[in-house]
Student: 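The structure's right below; bear with me while I get my questions together.
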Protein chains: 2
Amino acid sequence: MSLPAAIPTAAVVTAAKRSKPRLGRPRSFNREQALDAAMHVFWRQGYEGASLTALTAAMGINRPSLYAAFGDKAGLFREAVAHYGTGPGRYIRRALGQPKARQVAEMLLRGAVATATDPANPNGCLWVQGALVASAEADPIRTEMMALRNAGTAQVHDRLERARREGDLPAATDVQALTLFLVSVMNGIAVQASSGRSREALNNVVDLALKVWPA
Amino acid sequence: MSLPAAIPTAAVVTAAKRSKPRLGRPRSFNREQALDAAMHVFWRQGYEGASLTALTAAMGINRPSLYAAFGDKAGLFREAVAHYGTGPGRYIRRALGQPKARQVAEMLLRGAVATATDPANPNGCLWVQGALVASAEADPIRTEMMALRNAGTAQVHDRLERARREGDLPAATDVQALTLFLVSVMNGIAVQASSGRSREALNNVVDLALKVWPA
DNA sequence: CCCGGAAGATACCGTTCGGTACGGATAAGG
DNA sequence: CCTTATCCGTACCGAACGGTATCTTCCGGG
């Protein structure tokens with residue numbers, strides 16, 4: 001199936017982003033695949049706990065290749081966090097797109113459980129445990145992650161506020177409080193998953209949390 | 001969410017050493033005070049993020065003094081965690097001693113908020129953010145903290161199960177699920193406090209969480 | 001009053017950290 | 001073919017890591 005020239009494919013766009021025409025020796029590893037491996041290391045060990053040695057070993061590349069492709073450790077982490085958003089954290093965007101607030105909440109909570117307990121991934125949530133605390137020198141990264149979490153919370157808030165305006169939630173709903181409750185339970189689930197709790201046990205937590213839901 | 005008695009090692013050893021007749025030059029710093037300072041550093045930066053340089057600077061002592069008094073970094077951390085249990089985390093033991101399950105829950109949640117947002121302390125909870133993830137070499141510490149959290153959860157479970165047997169909670173109550181819900185909300189509150197949420201906002205979360213309470 | 005013994009201070013240990021210089025390898029363009 | 005531009009691999013950098021040897025300082029008991 002071919003596309004009109006006016007709508008460039010992803011490959012074309014990526015090629016365009018490479019400012020220079022393709023010259024020299026081509027990269028011998030898959031960038032996306034290496035990024036995915038790095039994401040898993042950050043997920044399991046956190047930003048500071050993930051050493052360059054552990055990262056390059058998991059990615060199957062050498063240090064200079066890593067630096068050429070991702071800038072530095074912080075850049076790699078940022079890309080890994082973004083990659084998480086389009087991968088394991090994808091459920092959030094899908095949840096926010098649900099038609100009813102109750103469905104939004106349920107998908108957020110079930111998705112948090114499913115992602116944080118997926119046996120194919122490290123336990124927990126990268127956005128929570130990637131840099132919850134940090135040494136003084138890594139504090140900028142910690143601050144970025146804080147802002148990221150808070151931006152996500154703001155999106156949930158906007159979605160629920162819209163639901164309230166639409167009559168999908170009672171007009172008297174304290175959207176601020178409901179949002180923070182929802183996100184807090186998601187975060188708590190992430191911590192508990194990181195502590196080894198089973199998917200079934202955490203889904204029972206979701207059942208209880210949803211009993212709070214208005215209307 | 002556990003109690004200091006869970007890891008008695010370092011404190012007991014040091015206490016035993018203290019029982020001998022005091023000879024030689026007396027210690028010129030207050031051990032408890034230094035431990036408290038160390039706790040704050042671990043609280044803010046995590047186990048791995050807290051360097052010996054940062055620790056000794058905050059404690060106002062030199063490295064050899066630290067090693068003489070606390071063994072090594074891991075030992076200092078364990079003592080700091082225990083110290084947290086008798087200090088900022090004291091509310092947990094008091095909560096478990098309340099006569100009614102509902103009061104237990106409320107004190108656990110309010111205490112979590114109060115401690116995690118105390119302006120005199122770092123934001124969040126040491127038991128959550130002290131070692132939620134770790135590098136391979138610090139993994140034993142992470143595992144200890146995991147066990148500590150799970151032991152605390154077990155204590156809450158026992159308390160609620162007792163309440164159920166006493167008729168304080170409905171006989172049909174799923175204590176396992178209720179416990180995990182309670183602890184998850186506490187953990188979520190800790191994460192949100194670490195992200196800068198205000199005490200007021202988090203107390204609204206507690207209000208919502210308590211609506212789940214049976215009977 | 002001196003001497004045993006523990007604490008404090010300095011200066012250092014080997015290792016690992018994040019990050020890079022450099023030279024050989026490998027493709028496309030001419 | 002040769003040039004050119006990029007990538008890979010090795011080997012290394014200074015700094016910071018956790019931890020310690022050593023010497024000086026100071027107190028209590030004889």
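Lettering of chains follows the sequences in order, A, B, ..., and the numbering in each one begins at 1.
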Student: Looking only at N and O atoms, is any donor in the side chain of A:R25 or the base of C:dA25 less than 3.5 Å from an acceptor on the other one?
Tutor: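 Per atom types, the contact qualifies.
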Student: Is a side-chain donor-acceptor pair under 3.5 Å present for A:N123 with A:R197?
Tutor: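 Absent: no donor and acceptor within the cut-off.
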Student: From CZ of A:F70 over to P of C:dG18, roughly how many Å is that when rounded to an integer?
Tutor: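 That distance rounds to 16 Å.
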Student: Whole angstroms only, please: what is the NZ-P distance between A:K73 and C:dG19?
Tutor: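 Whole-Å distance recorded here is 8 Å.
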Student: Atom CG of A:L66 and atom P of C:dC17: how far apart are they, to the nearest Å?
Tutor: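 A:L66 atom CG is separated from C:dC17 atom P by 14 Å.
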Student: Look at the side chain of A:R63 against the base of C:dG19 and say whether a donor-acceptor pair falls under 3.5 Å; ignore hydrogens and angles.
Tutor: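 Such a pair exists between side chain and base.
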Student: Nearest nucleotide by nearest heavy atom, which residue falls closer to the 5' end of DNA chain C, A:P64 or A:S51?
Tutor: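 Per heavy-atom nearest nucleotide, the more 5' residue is A:S51.
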Student: Could you tell me how far apart A:Q45 (CD) and C:dC17 (C1') are, to the nearest whole angstrom?
Tutor: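 Interatomic distance, CD of A:Q45 to C1' of C:dC17: 14 Å.
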Student: What is the nucleic acid contact for A:A74, judged by heavy atoms within less than 4.0 Å: base, sugar-phosphate only, or nothing?
Tutor: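 If one applies the 4.0 Å heavy-atom cut-off, A:A74 turns out to touch nothing in the nucleic acid.
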Student: I need the CZ-P distance between A:F29 and D:dG9, as an integer number of Å.
Tutor: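 Taking CZ of A:F29 and P of D:dG9, I get 10 Å after rounding.
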Student: Do B:E200 and B:S198 have side-chain atoms, one donor and one acceptor, less than 3.5 Å apart?
Tutor: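 Yes - a donor-acceptor pair under 3.5 Å links their side chains.
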Student: What is the distance from CD1 of B:I61 to C1' of C:dA9, rounded to the nearest Å?
Tutor: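 Nearest whole value for this atom pair: 12 Å.
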Student: To the nearest Å, how far apart are A:R31 CZ and D:dT6 P?
Tutor: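 Distance, rounded to whole Å: 16 Å.
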Student: Would you check if A:V175 and A:L178 make a side-chain contact, meaning some heavy-atom pair closer than 4.5 Å?
Tutor: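 No. Closest side-chain heavy atoms not under 4.5 Å.
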Student: Using the side-chain heavy atoms of B:S65, tell me which of these nucleotides is nearest: C:dG18, D:dG18, C:dG8.
Tutor: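 Output: C:dG8.
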Student: To the nearest angstrom, how far is A:E48 atom CD from D:dA16 atom P?
Tutor: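 It is 14 Å, rounded to the nearest whole Å.
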Student: By nearest nucleotide on DNA chain C, pick out whichever of B:S28 and B:E137 is the more 5' one.
Tutor: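 Result of the comparison: B:S28.
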Student: Measuring to OP1 and OP2 of C:dG8, would you say a side-chain N or O of B:N62 lies under 4.0 angstrom away?
Tutor: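 So the side-chain polar atoms of B:N62 never come under 4.0 Å of the phosphate oxygens OP1 or OP2 of C:dG8.
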Student: For A:A69, report the nucleic acid contact type (base, sugar-phosphate, nothing); a contact means any heavy atom under 4.0 Å.
Tutor: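 Contact class for A:A69: none.
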Student: For residues B:Y47 and B:A138, report the shortest heavy-atom separation together with the two atoms involved.
Tutor: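 Closest approach of B:Y47 to B:A138: CE2-CB, 4.0 Å.
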Student: If you measure only the distance, is there a donor-acceptor pair under 3.5 Å linking the side chains of B:R63 and B:T53?
Tutor: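 Short answer, yes.
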Student: Under 4.0 Å between a side-chain N/O of A:Y67 and OP1 or OP2 of C:dT20, yes or no?
Tutor: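 For C:dT20, OP1/OP2 do not have a side-chain N/O of A:Y67 under 4.0 Å.
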